[in-house]
Structures are given as C-alpha cells and as structure tokens.
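To start, the structure under review is shown below, and the notes come after it.
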Protein chains: 2
Amino acid sequence: MNDEEQKLNEVLMLFYFAYRTFTEKPDQMIERYGIQRVHHRILFFIARVPGITVNELFTVLEVSKQAMNMPLRQLYEKGFIEAEQAKFDKRYKQLFLTEKGHQLEQELSKVQREQMKEIFSSLGGDHQEAWTDVMEELSKMRPGRNQLKALFREKRKVNKIGR
Amino acid sequence: MNDEEQKLNEVLMLFYFAYRTFTEKPDQMIERYGIQRVHHRILFFIARVPGITVNELFTVLEVSKQAMNMPLRQLYEKGFIEAEQAKFDKRYKQLFLTEKGHQLEQELSKVQREQMKEIFSSLGGDHQEAWTDVMEELSKMRPGRNQLKALFREKRKVNKIGR
DNA sequence: CGTATAGGTCAACATTCTTGACCTATAAAA
DNA sequence: TTTTATAGGTCAAGAATGTTGACCTATACG
C-alpha cells in the first residue's frame, strides 16, 4: 500500500463525510416546514431556472417522473411553488417559486453558500477554483448537468415564446 | 444576484452531480453480488481499519447500531467479512475482510480511486491537495471523521492488547 | 385522424435509515 | 458479590426516497 493509494483512500472517505456536513444544516432547517431534502433540491433548481418545466426538472435531477410527483404536490399545497401553463405549448407547465418559496429557498441555500464561502476564503488562494474544477469534471458526464447547462444557455425568459 | 453568489450556486449544484458520478460505478458493480452501497461502505471502512469493532463502525459511519445489523449479517452470510471475539475484552467483536471480501473491496474502491486519480492528474497542479483541503474542512466537524482519525492514531494492531 | 409527448396518478416494491423495546454476555464498580 | 454499564444482536413499526409498470387526459403535430 503506497502513499498515493492511501491519499486516494482519504479522498474516498472525505466524499462521504463532506457530503453529510453539506446536507446537514438545510435538512435540519426544513424539518419545521414538514418537507425534506428532495423538496429542497426542487426549490433550488426552480430558483436557478425559473419557468423550468416538470420534464426538464426530473431530467436535471435524473429521477423518474413519479419520484417528483408527490414532492411537487406537497410544494404546491404548502404554497412554495406554483405552475403556469406554458404559452408556447399548452402541454408544458412552467414552475416558479412563490414569494414564500423564494424566502425559504434563499434561507436554505444561503446557509450552504456561506458554509462553502467561509471554507474557500479561510483556505484562500485558488481553492475554490480548484475544487470547482474537480467537481465539474465529475459532473460533466451527468446528463442532468448537461441538460441544466443547456437551459442556462437558452437564457430562458419567464414567458418564452419558442423552444 | 452578483457573480460570487452565482459561483457559489454552481458549487451547490456540483456537489449533487459529482456525488452521483462518484457513487455510480461501484453501485452498478455490486448489484451482481446482491449487495448495495451500504455494504460497500462497510467493506471500505473495515479495509481501512482491520479489526474495527461493531461499535466503532457505526460511530464512524454515524448511523444507528440497527442500521448496521442487517448489512453486516448479509456480509457474513455472503462470506465477505468475518468477526473475531476481541482478546482485550470479550464483549467486543473485531471485524475483518475475508480473502473474498478483500478482493471485492479492492475491485470497488479501485474504480473510485482511479476515477479521482485521472481527474486530479488531468487537472494537474495542486488540484488534489486543494480539493482535499476543502473536503477536509467540511469533514472535520463530523464525529465519525474524528473517531476514524483516533483509530488511525492508535495504529491498532490486529490483535491489540489494551485500549 | 392517428400518434407522440407532457403531465398526473395508482400500486407494488426496494433501499436505507430511524426509534423503541428487549435480550444475552461480559466487564467494572459499589 | 451484587449491581450497573457496555457491546452486540434482534424484532417491529414507520419514514424518506427511489424504482417499474400501467393507465389516464390534454395538447400538438404530421
């Protein structure tokens, strides 16, 4: 067992531990709203791409349509999101955060952003860029990631005309 | 929405996507053995700390004793791990990989190590160190991580005498 | 008009995890 | 030595997150 292998084993461990810390705070915060991590993910991606359709959402998250159905319904019922029939094609529904949804999403993601921000700034130098490069390499083979990039490239308007 | 916030939102996304890629290959590989991700985690940590006790194992993983019970039993039954009554205290059981367990653990973790190794070497420079620094910062507040470090510090022998 | 797509829903089931309760064996303290 | 604490094991109920398959409506398009 050489030194390189040992360092890479550390890398594998750190992924497990770091991911737990990363999700810990928002998980605790949303408990009082009666929702869970999957709802947070949905709020997060709708916030990033307002007007995302249901189909695009589960393509980005790489889960089945059925896996999104119940959480979406709960988010409607709790008043965090709303849907609008798309003007360019009435079959599509575009998803948006309500004011309440915006507030919650900000509250949750802010905690995570600040946690990462503090770490990056405490380590200084090019840590943020280097970390991002590595994670981007891991992400670039994800269909969901590429779908999301496509959505950004569209620079989609809230009431877009065509696709 | 400023540039910094946007970059940090990217960071949050990348965590989700990267973690999926990271776990994807081993998840597929172990299917044919009739085991899942939790079993891989157990194999991995027993490989890192041969002779780890059951208690130490679920402390490191930060899950309940009951959550480990079934997967451990399945790993015994499938011949991937074995337990030995500890000489220093007969209440403790020390866990070890069998030869078969070693082979499987190597096969699984190797895929992940090589995936990370390729990314680090393709990006070059200090990417591995920087990435590790960031993840270590996120991990250092995990009780499991610190328990694990303590186990390493003990430089535990397979048949240790005292605690 | 026929077919494809977007969205919704129901059902059955799998995985991973929790809490609570209760058991034995062993060790350590009163 | 008796009591208490700890390590490990097990059962049960349930929550959270996901899967497949089947089937439905509304809309769009060739």
Legend entry - A:L57 CG to C:dG7 C1', straight-line distance once rounded to whole Å: 13 Å
Inset, instruction - Return no unless some side-chain N or O of A:R41 is found under 4.0 Å from OP1 or OP2 of D:dT17. - result: no
Inset, instruction - Would you mind reading off the distance between B:R37 atom CZ and D:dT19 atom P, rounded to a whole angstrom? - result: 12 Å
Inset, instruction - Nearest whole angstrom, please: distance from the C1' of C:dC17 to the CD of B:Q74. - result: 14 Å
Legend entry - Nearest-neighbour nucleotide for the A:Y92 side chain, D:dA28, C:dG7, C:dT9 considered: C:dG7
Legend entry - Sub-4.5 Å side-chain heavy-atom contact between B:T21 and A:S139: no
Inset, instruction - Look at the side chain of B:T53 and decide which nucleotide, out of D:dA28, C:dG7, D:dG8, has an atom nearest to it. - result: D:dG8
Inset, instruction - Using the ring of B:F58 (Phe, Tyr or Trp, six-membered ring only), decide whether B:K65 places NZ or CZ under 6.0 Å from its centre and within 45 degrees of its axis. - result: no
Inset, instruction - Determine, for B:F44 and B:R48, whether the Lys NZ or Arg CZ falls below 6.0 Å from the six-membered ring centre while staying within 45 degrees of the axis. - result: yes
Legend entry - Rounded distance (Å) that lies between atom P of D:dT19 and atom CG of B:D27: 13 Å
Legend entry - Side chains of B:L151 and B:V60 in contact at under 4.5 Å (non-hydrogen atoms): yes
Inset, instruction - May I ask you to verify if any side-chain N or O of B:N55 is less than 4.0 angstrom from the OP1 or OP2 atom of D:dG8? - result: yes
Legend entry - Residue pair B:K25 / B:Q115, side-chain heavy-atom distance below 4.5 Å: yes
Inset, instruction - Measure the distance from CD on A:Q94 to P on C:dA6 and round it to the nearest whole Å. - result: 14 Å
Inset, instruction - Compare side-chain N and O positions of B:Q36 against OP1 and OP2 of C:dA14 and report whether any pair is under 4.0 Å apart. - result: no
Legend entry - For atom CG of B:L72 and atom C1' of D:dT10, their distance in whole Å: 13 Å
Legend entry - Length of the line joining B:F88:CZ and D:dG8:P, which is rounded to integer Å: 8 Å
Legend entry - Per-nucleotide protein contact string for nucleotides 18-25 of chain C (B base, S sugar-phosphate only, - none; heavy atom under 4.0 Å): BBBB----
Legend entry - Close side-chain approach of B:Q112 to B:P26, heavy-atom, < 4.5 Å: yes
Inset, instruction - Grab the CE-P distance between B:M68 and C:dT16 for me, whole Å please. - result: 10 Å
Inset, instruction - State the CD-CG distance between B:E136 and A:L14, to the nearest 0.5 angstrom. - result: 5.0 Å
Legend entry - Listed nucleotide nearest any side-chain atom of A:N69, set C:dC17, C:dA27, C:dT9: C:dT9
